[in-house]
Amino acid sequence: MAGEPVRVPLASPDIGPLERRYVNDAISSGWVSGTGPYVDRLESALCARLGRNHVVAVSSGTMALELALRALGIGRGHEVIVPALTFAAPAAAVRMVGADPVLADISPETWTIDPLMVGDLITLRTAAIIAVDVMGHCCDYDALAEFGLPVIEDAAEAHGAEYRGQRAGSLGLISVLSFHPNKAITTGEGGCVATDSAEIAETVRVLANHGMTPERPYFHERVGHNARMTNLSAALGVAQVERWDELLGNRHRVGQAYLRRLADIDCPARPQASWATVSLWLQAVTVEHRDEVVRLIRGDGIDARAIRPALSDLPLYRASRRRPCPVASRIAARTAWLPTSARMDEALVVEVTRSLARARSAAADSMRGGISGLPDGHPDRAAGSSGAART
Ligand SMILES: *Cc1c(COP(=O)(O)O)cnc(C)c1O
């Protein structure tokens with residue numbers, strides 16, 4: 001794509017002096033690998049933040065999902081129900097442990113897994129549901145609990161969100177967060193497993209540490225990964241978690257500014273259930289002619305993007321589609337992300353939404369045909385030069 005280079009990135013982490021101080025301290029201390037005081041501090045801080053008894057910091061959100069599945073003994077011969085609209089990591093993690101993901105369509109009211117679609121997908125092999133709090137909106141956990149299956153909550157995009165007053169990260173038997181830099185809280189790469197079960201937490205620790213306990217080094221009890229978070233990453237994370245209210249508060253302000261501006265230009269944002277407290281991740285908007293609108297906004301140096309396709313439409317996960325997932329396909333085709341970060345000011349939100357408004361009317365004009373859409377030989381066609389400039 002020619003045009004301006006990106007001026008306004010889709011996401012950018014807010015890393016300040018506190019993060020620098022802690023990372024420098026970690027370097028000076030010599031604790032740079034997957035053990036160290038900042039890892040312990042991060043885990044305790046997250047226990048308090050999420051309201052959970054145990055948190056294990058690991059190398060990524062994807063690894064956290066895989067460890068959660070393994071800790072529940074899920075593997076070959078099992079099925080795990082996963083929403084059709086999500087980043088692919090939950091489905092990939094299920095495949096990585098040898099089990100089969102089964103895709104459930106999403107609800108048009110929440111864009112999260114639709115409990116009404118889950119019942120039909122349950123078989124004797126179903127071992128768990130991975131409930132993804134998509135774009136900062138929690139799933140309907142009371143409805144999911146009715147199935148009596150273990151629920152793994154993927155709260156990678158939902159730091160600070162709530163379901164009926166309960167915090168994202170506390171809603172699954174096991175909950176998983178990501179700290180990738182495009183998420184609200186970052187450690188560089190990183191993630192965590194949160195649970196109230198001491199036994200699950202211990203199993204995750206062993207699996208993330210070569211299958212052994214610190215008490216018996218080299219006595220491998222299981223086949224494990226090296227999935228530890230480094231003390232350097234954890235130092236960054238401790239600073240971010242200490243700034244949790246500031247970072248999420250700023251994000252919330254950006255979200256409110258977006259909602260006001262989007263209402264002004266009559267552009268729908270993602271829907272929200274009455275029981276959900278959404279925590280803004282990336283601002284999503286639904287538009288006609290989505291690809292053309294995104295192309296035009298990007299021409300202004302603004303890194304808008306089409307959201308990910310529904311997993312049910314990817315060849316890799318075709319076999320996981322036991323039932324059609326029309327809602328996921330429809331939303332995936334019409335939704336775009338706008339740049340979102342805690343440091344955006346109101347003026348930038350205004351600039352982005354103006355670009356969106358211009359792009360939307362230009363795309364609508366060109367799709368309506370305008371002059372180029374007129375039949376050959378129409379008098380306006382010969383006269384028109386404005387139409388030709390559009391491409
Ligand atoms: C980002 C993300 C992940 C993966 O996290 P990583 O830390 O990037 O591995 C998993 N699930 C969802 C829903 C995500 O958005």
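Order of appearance sets the numbers: ligands from 1, and atoms from 1 within every ligand. Side-chain atoms are counted along with the backbone in the values below, which use heavy atoms only and exclude waters and symmetry mates.
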Would you mind writing out the side-chain donor-acceptor pairs for residues 255-264 within the sub-3.5 Å range, not counting sequence neighbours?
from, atom 1, to, atom 2, distance (Å)
Tyr258, OH, Pro339, O, 2.7
Arg260, NH2, Glu346, OE1, 3.1
Arg260, NH2, Glu346, OE2, 3.4
Arg261, NH2, Glu346, OE2, 3.3

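Only the side chain of Lys183 comes within 4.0 Å of ligand 1, judged by heavy-atom distances. For Thr62, heavy-atom contacts with ligand 1 shorter than 4.0 Å involve the backbone as well as the side chain.
Ion pairing between a basic and an acidic side chain is recognised when a charged N comes within 4.0 Å of a carboxylate O; Arg354 and Glu351 show no such pairing.
Under the salt bridge (Lys or Arg N to Asp or Glu O under 4.0 Å) criterion, Asp303 pairs with Arg298, Arg305, sequence neighbours left out.
Against a heavy-atom cut-off of under 4.0 Å, Val132 is close to the following atoms of ligand 1: 13 (C). With ligand atoms numbered from 1 in the order given, ligand 1 contributes 7 (O), 9 (O) to contacts under 4.0 Å with heavy atoms of Ser60.
Interatomic distance, Trp281 CH2 to Asp133 CG, rounded to the nearest 0.5 Å: 12.5 Å.
A heavy-atom separation below 4.0 Å is found between Gly190 and ligand 1.
Between the choices Ala158, Ala89, Ser59, Ser178, the shortest heavy-atom distance to atom 5 (O) of ligand 1 belongs to Ser178.
More than 12 heavy atoms of other residues, nucleotides or ligands sit less than 6.0 Å from atom NE2 of His210.
Closest to atom 11 (N) of ligand 1 among all protein heavy atoms lies Asp154 OD2, 2.6 Å. In terms of protein heavy-atom proximity, atom 15 (O) of ligand 1 is nearest to Glu157 OE2, 2.5 Å.
With respect to Leu177, the side chain to side chain contact (heavy atoms under 4.5 Å, CB included) criterion is satisfied by exactly one of Leu50, Val193, Ile185: Leu50.
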